[in-house]
Amino acid sequence: MTKTVTKSTPEELEMIRSSVRALCERFPESYWRETDEKKAYPEEFIKALTEEGWLSVLIPEEYGGAGLGMLEAGVILEEINRSGGNAGAGHAQMYTMGAVLRHGNEEQKQRYLPKIASGETRLQAFGITEPTAGSDTTSITTTAVRKGDKYIVNGQKIWISRTEHSDLMLLLARTTPKDQVKKKTDGLSLFLLDMKDQKDNLTIRPIDTMINHATTEVFFENTEIPVENLIGEEGKGFKYVLSGMNAERILIASESIGDGKYFVDRSVQYANEREVFNRAIGQNQGVQFPIAQSYMDIEASKLMRDKAAEMFDEGENCGAEANMAKYLASEATWKAANAAMTTYGGYGFATEYNIERKFREARLFIVAPVTNNLVVSYMAQHVLGLPRSF
Ligand SMILES: Cc1cc2nc3c(=O)[nH]c(=O)nc-3n(C[C@H](O)[C@H](O)[C@H](O)COP(=O)(O)OP(=O)(O)OC[C@H]3O[C@@H](n4cnc5c(N)ncnc54)[C@H](O)[C@@H]3O)c2cc1C
């Protein structure tokens with residue numbers, strides 16, 4: 001892959017941080033608490049991010065974006081989560097288009113990227129997971145069968161987030177049955193499904209979850225996709241998805257780092273202010289050590305995120321680094337989340353203090369977009385050369 005991004009100077013990176021912080025100040029924690037309570041989509045926040053161009057930074061300038069790199073994109077998401085917000089409502093608009101950018105043809109890029117950059121078209125849904133396949137993506141059973149100039153899709157997806165707030169879905173489906181391909185990763189194809197005007201051929205059902213994430217089940221019944229919406233070559237979709245997954249993992253690591261910094265910031269503040277036994281609770285090593293330990297872990301995971309982002313932008317294979325960044329950041333942040341709960345004592349449970357909401361949100365990154373067990377297994381098998389366990 002050729003290098004296409006402009007690398008920011010440290011000053012420019014700092015400017016990105018401070019501009020995103022300024023935007024986030026318009027959306028205080030009370031805003032996020034309310035959207036969480038109502039399980040509402042933070043429409044106003046996404047509109048503000050879109051208007052200021054933050055969701056289109058990864059799109060090259062020739063297609064209407066800023067042409068920035070993965071580190072800059074990561075910093076944006078990190079600052080959103082550090083402010084007490086939740087970038088999950090908009091992160092997919094930033095990176096899902098990477099499949100079109102890296103593997104689409106010029107006509108598809110011209111058709112979609114400028115509209116995604118302006119926010120006129122929302123590509124917020126990424127449809128991979130299925131109820132029976134789970135983490136074993138090559139076992140998905142949703143099929144796309146070519147009939148003339150269309151593909152007819154049948155099957156079911158689960159945990160597909162933001163479908164109700166998106167015009168398009170990037171969809172992975174099987175185009176050749178598993179028993180007719182040499183490798184199980186062959187025969188899967190990637191499509192851009194236009195979800196408008198699908199009527200009864202597409203059913204979307206919200207799933208009630210412990211966090212506000214607008215996630216859904218999606219049922220396809222003879223859903224039609226025009227042939228021109230196939231991304232790249234038929235049967236090569238799994239390979240295309242993998243390259244996008246590295247970007248997703250680097251960005252999820254960034255959100256997680258933002259959450260981790262939030263927990264550390266809040267814990268330090270509260271531990272300095274709260275007095276019990278006539279002294280600040282932060283004076284007790286039982287309170288200060290877990291905060292300091294998680295701070296060190298978060299800083300270390302940030303270095304791995306920075307390395308993975310730089311490699312991605314240089315067009316190098318960053319599979320190991322992207323996975324390590326996601327793993328290290330989510331584990332460090334989970335430690336910080338627990339340290340914050342310890343620091344806040346009973347008040348950690350009160351919604352008014354926001355810690356419990358962020359605690360629930362931070363837990364997601366250990367599970368999605370890939371579970372940490374699967375990351376460890378990837379490292380063991382593909383990086384260290386240990387025997388395959390599945
Ligand atoms: C809020 C939310 C939003 C999501 N959004 C999306 C989305 O937009 N699009 C999308 O496609 N998916 C999405 N997902 C799905 C997510 O990627 C999956 O939940 C995740 O990949 C795990 O799959 P699973 O839930 O089926 O778990 P399973 O695969 O059933 O695994 C269950 C447990 O078993 C462990 N396990 C399984 N096999 C092994 C093994 N061989 N070795 C060790 N441990 C193993 C796993 O690590 C896990 O802990 C979302 C999930 C959630 C919760």
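Both ligands and their constituent atoms are indexed starting at 1 by order of listing. Throughout, numbering of the chain's residues begins at 1 and tracks the sequence.
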Consider only side-chain N and O atoms of Asn372 and Glu331, and report whether a donor and an acceptor are under 3.5 Å apart. yes
Around atom 13 (C) of ligand 1, find the nearest protein heavy atom and jot down its residue, atom name and distance. Trp159 O, 2.9 Å
Looking only at side chains, do Asp259 and Asn81 share a donor and an acceptor under 3.5 Å apart? yes
Just to confirm, does any protein heavy atom lie below 4.0 Å from atom 50 (C) of ligand 1? yes
Check each atom of ligand 1 against the heavy atoms of Gly134 and keep those under 4.0 Å away; list them by number with element. 26 (O), 29 (O)
Hey, does Thr215 come in under 3.5 Å of ligand 1, counting only N/O atoms on both sides? no
Could you check atom 10 (C) of ligand 1 against the protein and tell me its nearest heavy-atom contact, residue, atom and distance included? Thr129 OG1, 3.3 Å
Please verify whether a non-hydrogen atom of Leu364 lies at under 4.0 Å from ligand 1. yes
From atom 34 (O) of ligand 1, is the closest protein heavy-atom distance below 4.0 Å? no
Thr371 neighbourhood, listing ligand 1 atoms whose heavy-atom distance to it stays under 4.0 Å: 22 (C), 46 (C), 47 (O), 48 (C)
Hey, is atom 42 (N) of ligand 1 under 4.0 Å from any protein heavy atom? no
Who's the nearest protein heavy-atom neighbour of atom 39 (C) of ligand 1, and how far? Leu374 CD2, 3.9 Å
Ligand 1 atoms nearer than 4.0 angstrom to some heavy atom of Val367 are 20 (C)
With heavy atoms of Ile128 as the reference, note each atom of ligand 1 found under 4.0 Å away. 11 (O)
Judged by modelled atom types alone, do Asn373 and Tyr327 share a side-chain donor-acceptor pair under 3.5 Å? no
Do any non-hydrogen protein atoms sit less than 4.0 Å from atom 47 (O) of ligand 1? yes
Tell me yes or no: between the side chains of Asn212 and Arg360, is some donor less than 3.5 Å from an acceptor? no
Residue Glu221 excluded, over 12 heavy atoms near CD under 6.0 Å: no
Hey, is Pro369 one of the residues with a heavy atom under 4.0 angstrom from ligand 1? yes
Relative to each other, are the rings of His91 and Tyr95 parallel, tilted or perpendicular (30° and 60° limits)? tilted
Using the six-membered ring wherever Trp is involved, compare the ring planes of Trp32 and Phe45 and label them parallel, tilted or perpendicular (cut-offs 30° and 60°). perpendicular
Within a distance under 4.0 Å of any heavy atom of Asn373, pick out the atoms of ligand 1 and give their elements. 43 (C), 44 (N), 47 (O)
Polar side chain donor-acceptor pair, Glu44 to Tyr31, under 3.5 angstrom: yes
